[in-house]
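What follows is one structure encoded as structure tokens, with my remarks underneath.
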Amino acid sequence: MADSSYLARLMSDNTQPPAEGSHSTEEDLIAVRREKLAKLRELGVDPFGAKFTPTTTPGKLKADFSDGVKTTIAGRVYAIRDMGKSVFFTIGDVEGRIQGYLNQKGISETDWLVWKNVDLGDWVGIAGETFTTGKGEPSVKVESLTFLSKALRPMPDKWHGVHDRETKYRKRHLDLMGNQDSADIFIARSRMLAEIRSFLHSRDYLEVETPMLQDVAGGAAARPFKTHHNALNMPLTLRIAPELYLKRLLVGGFTKVFELNRNFRNEGISRRHNPEFTMLEAYQAYGDFEQMAEMVEEMVCHLAEKFCGTLKIEHKDENDEVIRTIDLSRPWKRANYHDLVKGVAGDDFFDITPEARRAKCDELGVQISDGMEDYEVVQQVFEKKVEEHTFNPCFVTRVPSELVPLAKVTPGGKTVEVYELIINGQEISPGYSELNDPDVQRQRLEHQAGGEEEQLVDYEFIETLEHGMPPAGGIGIGIDRLVMMLLGAPTIRDVILFPQLKRK
RNA sequence: GCGCAGGUAGCUCAGCGGUAGAGCAGUUGGCUUUUAACCAAUUGGUCCUGGGUUCGAAUCCCAGUCUGCGUACCA
């Protein structure tokens, strides 16, 4: 504790003429803050303080505000409005902010001196009593101040925050401290994930964790990331999907399982693709794709109602103009793949020769590369002309079997028991009646591997199926894209805290 | 990979051949109910990097780099 003559000296220090060399380069801004840090130490204050026990949070205090309540809160100082002998400031965190008020007469001499060394961005604890100002602002009148942590670097602009996309993504902490709308997205995302888990738990699903490091990356068509285990001296890949392991659990006797975690695909990065992304996969024994479709419909509507308060999701541009409304009202449209393609490419599209189909693609402006199989040509038309123009939910059924080797083939033969859910111009969720015939599965995976350079067949998986997998419905949901759709985020980078960027 | 746009003070941005600018933040002074607080004064720059054109380049040209958007690749 400082004695009073010491305090007097420090006070007089504060009335000295400006320190020489107090400029505004980044270096200088840091130097000024370091000087304050030193002054705090002189005052006997630890600038990187210890445990502090608030009675509530700034956000909760403001939400259930009433006057005359003793309270203790902690938070970062976001703004200071200094009026001489009294000071207003904003204190809080990503979940909420409230105004603090201090008056030189209302706090101890030491606390006043400590306050003089608080900068924007510092963390402090305050104890005091709530009141409402003349302008109606819920506030806390500070009676005592506890310094918690010094920010040695300046805050982003208090009004604009960080706007530069690169800085937002590379230094997400600056984005979060300066842009509440950005923080809100990640708070909402976190709560959505919790809600998805609770939705599945309430339906008796068990959450499981299967390997992310896999010997043979399977369960999807994508190039994997390669890595190496030193002790085992063996190459490993990061998983591209948990599917094959989750099915092993069905064979093992689990009847309802899900996994909600990261997949990794070594492919291009775009507005819709991040190399690591979050995927939900859920499997239900004795179910089929139609049952899974209903569950997805129910789940997504539940999330929309809970987090958006409506089934009509508005997407806005930078000027806050509504550019699109996605209507999630049930029941969702169901349409078959061929009919959708015929709708854009003509009723005779499947009756003409493959060559004529290619010519038709030219006409439609759909680009086709030379090596493409006929079904891939059709798929291009589907993606460019149907998928990208479908914003309201649509379950696409009777998908060609070549596209989905892990699903049951329909009795007819050419298509599979699958839905592909399209919302917001993107595939959000596929759902299958899972293929459980090991012989058919072997055939189809081998056929696929034959055509693909880096695709390997997971024979252990096939052996597992030979022990008997119950018929099952399965779904995958691309969580990032789902969150984008629900929150109206134009790019996947806005819903992933630390998106992958090139090294600078 | 290709095309287009962008990179200027700590942050948000203007300037687009002729002395590098504003707001916020910082510093100093004033102010006891303010709130993008206010008033007055003031500091702060490898104009992304490297070449070139020019009497003169943040500005024009070329190359590179990072970011964004589009496109291609990716069952």
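Keep in mind that the numbers below use all heavy atoms, side chains included, and drop hydrogens, waters and symmetry copies. Values in this document were obtained by computation on a predicted structure and should not be read as measured data. A note on names: the letters A, B, ... follow the listed sequences, proteins ahead of strands, and every chain is numbered from 1.
- Comparing the C1' positions of B:G50 and B:U43 gives a spacing of 32 Å, expressed to the nearest Å.
- Nucleotides B:G10 and B:U27 have their P atoms positioned 16 Å apart, rounded to a whole Å.
- The side chain of A:Gln367 lies closest to B:A72 when the candidates are B:U12, B:A72, B:U27.
- Comparing the same atom, C1', in B:A36 and in B:C48 gives a spacing of 31 Å after rounding to whole Å.
- Side-chain proximity of A:Thr133 to B:U32, B:U35, B:G26: nearest is B:U35.
- Here the C1' atom of nucleotide B:A72 and the NE2 atom of A:His273 are 13 Å apart, to the nearest Å.
- Partner assigned to B:C16 is none, using Watson-Crick or G-U wobble distances below 3.5 angstrom.
- Annotation: the span from A:Gln380 atom CD to A:Gln367 atom CD amounts to 9.0 Å, rounded to 0.5 Å.
- A sub-4.0 Å separation between OP1 or OP2 of B:U35 and a side-chain N or O of A:Arg81 is absent.
- Interatomic distance, CG of A:Leu40 versus NZ of A:Lys116, reported as 13.5 Å (0.5 Å rounding).
- The side chain of A:Ser24 sits closest to B:G44 out of B:G44, B:U32, B:U35.
- Between A:Arg493 and B:G68 there is a side-chain polar atom (N or O) within less than 4.0 angstrom of OP1 or OP2.
- Distance CG (A:Asp175) to C1' (B:G68): 15 Å, rounded to an integer number of Å.
- Using a 4.0 Å heavy-atom distance criterion, A:Gly134 is classed as a base contact.
- For A:Tyr169, counting side-chain heavy atoms from C-beta on, the closest listed nucleotide (B:G68, B:G26, B:G10) is B:G68.
- Comparing B:U34, B:G70, B:C24 against the side chain of A:Gln99 picks out B:U34 as the nearest.
- Look at the P atom in both B:C60 and B:G7: the space between them is 10 Å, to the nearest Å.
- Between B:U65 and B:G56, the distance separating the two P atoms is 29 Å to the nearest Å.
- Among the heavy atoms of the strands, none lies under 4.0 Å from A:Ile30.
- Summarising the geometry, the separation between CD on A:Gln380 and P on B:C73 is reported as 7 Å, rounded to the nearest angstrom.
- Look at A:Lys135 and you'll find a side-chain N or O under 4.0 angstrom from OP1 or OP2 of B:U34.
- When only modelled atom types and interatomic distance are considered, A:Glu281 and A:Tyr245 share no side-chain donor-acceptor pair under 3.5 Å.
- Nucleotides B:U8 and B:U46 place their P atoms 11 Å apart, quoted to the nearest Å.
- OP1 or OP2 of B:G70 lies within a sub-4.0 Å distance of a side-chain N or O belonging to A:Arg271.
- Pair assignment for B:A72: none, as no Watson-Crick or G-U wobble contacts are both less than 3.5 Å.
- As rounded to whole Å, 9 Å separates atom P of B:G30 from atom NZ of A:Lys85.
- Between the side chain of A:Asp157 and the base of B:G23 there is at least one donor-acceptor pair of N/O atoms closer than 3.5 Å.
- Checked by atom type, the side-chain pair A:Thr491/A:Asp494 shows no donor-acceptor distance below 3.5 Å.
- In the set B:U33, B:C66, B:G26, B:G26 carries the atom at the smallest distance from any side-chain atom of A:Val32.
- Side-chain N/O atoms of A:Ser401 and A:Tyr375 include no donor and acceptor closer than 3.5 Å.
- Listed candidates were B:A25, B:G45, B:G68. Nearest to the side chain of A:Thr25 is B:G45.
- A sub-4.0 Å separation between OP1 or OP2 of B:C11 and a side-chain N or O of A:Lys168 is absent.
- There is no side-chain donor-acceptor pair under 3.5 Å between A:Glu95 and A:Thr57.
- For the pair A:Lys158 and B:G10, the criterion of a side-chain N or O lying under 4.0 Å from OP1 or OP2 is not met.
- In the set B:U67, B:C11, B:U35, the nucleotide with an atom closest to the side chain of A:Arg170 is B:U67.
- Note on A:Arg34: every side-chain N or O is 4.0 Å or more away from OP1 and OP2 of B:G26.
- Inspection of the A:Ser182 and A:Asn179 side chains reveals no N or O donor paired with an N or O acceptor under 3.5 Å.
- When the side-chain nitrogen and oxygen atoms of A:Arg33 are compared with OP1 and OP2 of B:G26, none of them lie within a distance under 4.0 Å.
- A:Asn274 and A:Arg493 share no side-chain donor-acceptor pair at under 3.5 Å.
- Contact annotation: A:Lys502 side-chain N/O to B:C66 OP1/OP2 distance is under 4.0 Å.
- With distances taken from any side-chain atom of A:His23 to the nucleotides B:G44, B:A75, B:C74, the minimum falls on B:G44.
- At the heavy-atom level, A:Thr90 lies nowhere under 4.0 Å from the strands shown.
- Using atom C1' as the reference point in both B:A9 and B:G23, the two lie 12 Å apart (nearest Å).
- As judged by a 4.0 angstrom heavy-atom cut-off over every strand, A:Glu26 is placed among residues touching the sugar-phosphate backbone only.
- For A:Ser86 against B:U33, no side-chain N or O and base N or O form a donor-acceptor pair under 3.5 Å.
- Taking atom C1' in both B:G29 and B:U12, one finds a spacing of 27 Å when rounded to whole Å.
- Closest approach to the A:Val162 side chain among B:A25, B:C11, B:G68 is made by B:C11 (side chain taken as heavy atoms from C-beta onward).
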